[in-house]
Amino acid sequence: MKVRFLGHASFLIELNNSKILVDPFIKGNPKASNIDINNIEADYVLLTHGHGDHVADAEEICKRTGATIISNYEICNWFEAKGLSCHALNHGGKFSFDFGIVKYVMATHTSSLPDGSYGGNPGGFVLWTQSESLYIAGDTGLTMDMKLIPMLCPKLDAAILPIGDNFTMGIEEAVMAAEFVECDKVIPCHFDTMPVIAIDKEKAIQAFKEKGKECLFIEIGDTLEV
Ligand code: NI
Ligand code: MN
C-alpha cells in the first residue's frame with residue numbers, strides 16, 4: 001500500500017485500488033500549505049473522532065469527490081445531515097468494503113464535533129486485505145485494548161501512531177503501543193503541528209530502534225510504500 005502524509009494526522013492511503021483519506025485537516029494547518037485539497041482524490045474518508053484537527057476538510061472534500069465517510073455512528077449522523085454519504089461503524093465492529101475490511105477499534109480520548117455536538121466515542125481503525133494490513137490508532141493514550149488487535153486482526157504491516165504527547169501518547173508510550181500491537185513499522189503523526197506537540201525526531205527514531213522497530217517519518221506531501 002501507499003501512505004501519503006498530508007500533515008498532522010492526515011494521510012491518503014492507496015490500498016487495493018482505493019483511495020482512503022484519513023482525518024483531513026489541511027487548509028487550517030500552516031505546516032501543510034504545500035497541499036492543495038482540490039487535488040486530493042478520495043473514495044473513502046475515515047474519521048477517527050470529531051475534533052476539528054481531524055474532520056475540518058472532510059465536508060469539502062466529500063462534496064467534491066463523492067467519497068463515503070466511515071466513522072462512528074454520531075459522526076456519521078452529523079455528516080449525513082449535511083448531505084454526505086456515510087457508513088457508520090462502532091467499536092468492535094468491522095465491515096467488508098470493496099477494497100478490504102475496516103474494523104473500528106478502541107481509542108482513549110474525547111470526540112466532540114466542531115459545533116459542540118456529541119461526537120460519540122473516539123476510535124481507531126484497522127484496515128486489511130488478503131495481503132496487507134494497517135493500524136490507524138487515531139488520537140489516543142496508551143491502552144491495554146491495543147493488545148487485542150493482534151489477537152483479532154491479521155499481522156500488521158504498519159501502524160500509524162500519534163507521538164506528540166500533550167493530547168495523545170508521547171514517544172515512550174508509542175513505543176509500547178507498537179509492542180502491544182506487535183508491529184515493527186511505525187508511521188508517526190500528531191507531532192510538530194503546534195509548539196505543545198513538538199518532538200525530537202532523532203530521539204523518537206532511537207527509542208523505536210532500541211526495541212527493534214522502525215519509526216518512519218514522512219515529509220508532508222511525500223508518499224511511503226509500505
Ligand atoms: Ni483529538
Ligand atoms: Mn487531534
Side-chain angles (χ1 to χ4, degrees), residues 3-13 20-33 35 37 40 42 45-62 69-79 86 88-91 102 104-127 134-143 145-146 159-174 176-178 181 186-199 201 204 215 217-218 220:
V3 180
R4 184 176 183 218
F5 186 41
L6 303 175
H8 196 55
S10 307
F11 291 88
L12 185 64
I13 293 153
I20 302 154
L21 180 64
V22 181
D23 285 355
F25 166 63
I26 297 153
K27 272 165 72 173
N29 179 6
K31 306 259 172 178
S33 58
I35 311 289
I37 69 164
I40 294 174
V45 176
L46 268 53
L47 302 176
T48 59
H49 65 292
H51 290 160
D53 62 318
H54 297 259
V55 307
D57 298 320
E59 183 177 356
E60 186 174 339
I61 292 171
C62 288
I69 288 177
I70 302 172
S71 191
N72 72 21
Y73 176 75
E74 288 77 10
I75 292 170
C76 284
N77 278 350
W78 195 75
F79 280 105
C86 298
L89 295 170
N90 228 326
H91 300 85
V102 178
Y104 195 57
V105 296
M106 302 296 282
T108 173
H109 193 67
T110 54
S111 180
S112 48
L113 283 152
D115 65 356
S117 297
Y118 176 58
N121 285 316
F125 297 99
V126 185
L127 278 54
L134 174 71
Y135 172 47
I136 302 159
D139 282 8
T140 185
L142 182 67
T143 162
D145 290 308
M146 290 169 176
I160 295 176
L161 303 178
I163 67 164
D165 219 326
N166 194 82
F167 301 116
T168 66
M169 302 186 283
I171 294 165
E172 294 79 7
E173 286 136 299
M176 292 172 73
V181 300
V186 171
I187 299 165
C189 70
H190 220 276
F191 63 89
D192 283 0
T193 315
M194 53 205 97
V196 292
I197 57 172
I199 61 150
K201 287 187 182 179
C215 180
F217 284 98
I218 309 173
I220 296 174

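Every number for a ligand or one of its atoms is a count from 1 in the order of the listing. The model shown is predicted, which means the values in this text are computed figures rather than measured ones. Excluded from the calculations below are hydrogen atoms, water molecules and symmetry mates; all remaining heavy atoms, backbone and side chain alike, are included.
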Among L127, L21, I13, find the residue that satisfies the side-chain contact (heavy atoms from CB on, under 4.5 Å) test when tested with L46.
-> L127
Rounded to 10 degrees, what angle sits at the Mn ion (ligand 2) between D139 OD2 and H190 NE2?
-> 90°
Evaluate the side-chain proximity of L134 to F125: yes if any heavy-atom separation is below 4.5 Å, no if none is.
-> no
Close side-chain approach of F79 and C62, heavy atoms under 4.5 Å = no
Heavy-atom check, side chain of I40 versus side chain of L6, under 4.5 Å | yes
Can you find a pair of side-chain heavy atoms, one from V102 and one from L89, that are under 4.5 Å apart?
-> yes
Which count of protein N, O or S atoms is obtained for distances strictly below 2.8 Å from the Ni ion (ligand 1)?
-> 4
So CG of N121 and NE2 of H49: to nearest 0.5 Å the spacing works out to 12.0 Å
Given OD2 of D53 on one side and NE2 of H54 on the other, what angle do they make at the Mn ion (ligand 2), to 10°?
-> 90°
F217 atom CZ, neighbour heavy-atom count above 12 within 6.0 Å = yes
